[in-house]
Amino acid sequence: MQPRHYSRRFYEAVKSPWPTFADDVDTAIAVIHVSHRITRTLSGPLHAELIYSKEHQKADGSIEHHMRQALAALSPTDIKKGTIVDAAIRQIVEDTIAALGVSDPKNAFADPANHPVMTTKDGTREIPTHKVRINSWEKP
């Protein structure tokens with residue numbers, strides 16, 4: 001037989017502070033909510049290929065998803081096809097490209113000073129637009 005200090009039970013030699021100690025500990029542990037916080041986020045190509053938006057149903061019944069994209073990352077076909085979701089933002093982006101006289105958004109919006117600006121309704125503030133929501137893909 002092994003001596004008492006070599007027991008496999010770690011707390012065997014410790015006396016309970018009160019008679020219902022083990023039940024109280026079990027109850028306290030049962031109400032603990034564990035939160036697993038994400039310590040590393042996605043970045044790079046993997047992040048760019050993921051869709052995080054909810055489904056948006058169009059009038060014809062098809063489903064589309066929206067993504068935010070930087071103005072400099074837009075292609076000329078994105079502008080021509082009208083993939084920018086918000087009509088007011090789409091109009092100021094098109095007007096800014098026309099005013100700059102450049103057809104490629106990469107060249108037009110490389111400088112943040114060239115980004116389109118919306119004026120508030122009361123005309124007191126100007127809000128620059130650096131990113132737009134686009135239709136990322138559709139499914140029938």
Side-chain angles (χ1 to χ4, degrees):
M1 184 160 169
Q2 293 181 346
R4 190 168 184 84
H5 65 279
Y6 288 113
S7 173
R8 290 186 176 266
R9 294 187 62 188
F10 185 68
Y11 293 109
E12 185 175 314
V14 178
K15 302 253 187 227
S16 293
W18 57 86
T20 60
F21 178 72
D23 294 331
D24 293 344
V25 169
D26 287 339
T27 304
I29 290 173
V31 297
I32 293 174
H33 297 286
V34 178
S35 173
H36 299 283
R37 180 174 178 255
I38 297 174
T39 55
R40 295 185 180 148
T41 58
L42 296 173
S43 62
L46 179 63
H47 178 71
E49 294 173 2
L50 295 176
I51 305 292
Y52 288 112
S53 79
K54 64 179 184 175
E55 294 180 343
H56 300 275
Q57 188 167 6
K58 293 174 30 175
D60 63 356
S62 63
I63 303 294
E64 65 184 10
H65 290 270
H66 299 166
M67 287 180 60
R68 287 186 69 194
Q69 191 167 16
L71 287 172
L74 292 174
S75 67
T77 56
D78 288 336
I79 303 295
K80 289 177 188 172
K81 287 174 36 180
T83 58
I84 298 174
V85 176
D86 188 5
I89 298 293
R90 184 181 330 117
Q91 188 61 46
I92 66 166
V93 168
E94 291 171 353
D95 293 346
T96 304
I97 288 177
L100 292 172
V102 181
S103 62
D104 188 13
K106 289 177 181 54
N107 297 332
F109 301 125
D111 182 15
N114 292 341
H115 288 187
V117 177
M118 285 189 74
T119 306
T120 57
K121 289 181 181 179
D122 59 1
T124 58
R125 291 185 312 142
E126 291 184 338
I127 303 168
T129 302
H130 304 291
K131 292 183 177 183
V132 294
R133 284 184 307 130
I134 62 167
N135 297 330
S136 57
W137 59 276
E138 299 177 4
K139 65 180 180 181

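Index from 1, following the sequence. Quick caveat, the model's predicted, so the values are computed rather than measured.
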Taking the side chain from [X] and the backbone from [Y], do they hold a donor-acceptor pair closer than 3.5 Å?
| X | Y | value |
| --- | --- | --- |
| H130 | A70 | no |
| T83 | I134 | no |
| S75 | D78 | yes |

Evaluate side chain to side chain contact (heavy atoms under 4.5 Å, CB included) for H65 paired with H56, printing each intermediate quantity in order.
CA-CA 6 Å; H65 290 270; H56 300 275; 5.8 Å; no
Mind checking what makes side-chain hydrogen bond (donor to acceptor under 3.5 Å, both in side chains) contact with R133, not counting sequence neighbours?
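For R133, the residues satisfying side-chain hydrogen bond (donor to acceptor under 3.5 Å, both in side chains) (neighbours in sequence not counted) are H66.
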Quick check for you: to the nearest 0.5 Å, what is the distance between T129 atom OG1 and L71 atom CG?
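CG of L71 is found 7.0 Å from OG1 of T129.
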Can you tell me how far apart CD (E126) and OG1 (T124) are? Round to the nearest 0.5 Å.
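Here the interatomic distance stands at 10.0 Å.
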Provide the closest heavy-atom pair for F109 versus P116 in the form atom of the first, atom of the second, distance.
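Reported closest heavy-atom pair: CE2-CD, 3.6 Å.
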Residue pair E55 / I63: nearest heavy atoms and the distance that separates them:
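Looking at all heavy atoms of both residues, the closest pair is CB-CG2, 3.4 Å.
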Which side chain to side chain donor-acceptor pair (under 3.5 Å) pairs, counting each pair once, include a residue from residues 22-32, with sequence neighbours left out?
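Sorted result for residues 22-32: W18-D24, T20-D24.
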Got D86 and V132 here, is their nearest side-chain heavy-atom distance under 4.5 Å?
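Contact flag for D86/V132 side chains = no.
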Measure the shortest side-chain to side-chain distance between M118 and I89 over non-hydrogen atoms and say whether it is less than 4.5 angstrom.
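A side-chain contact under 4.5 Å exists here.
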May I have the step-by-step check of side chain to side chain contact (heavy atoms under 4.5 Å, CB included) for I127 and T120, ending in yes or no?
CA-CA 7 Å; I127 303 168; T120 57; 3.9 Å; yes
Compile the donor-acceptor pairs under 3.5 Å between side chains in residues 92-105 and protein atoms, sequence neighbours left out, one pair per line.
residue: D95; atom: OD1; partner: Q91; partner atom: NE2; Å: 2.9
residue: D95; atom: OD2; partner: Q91; partner atom: NE2; Å: 3.4
residue: T96; atom: OG1; partner: I92; partner atom: O; Å: 2.7
residue: D104; atom: OD1; partner: K106; partner atom: N; Å: 3.4

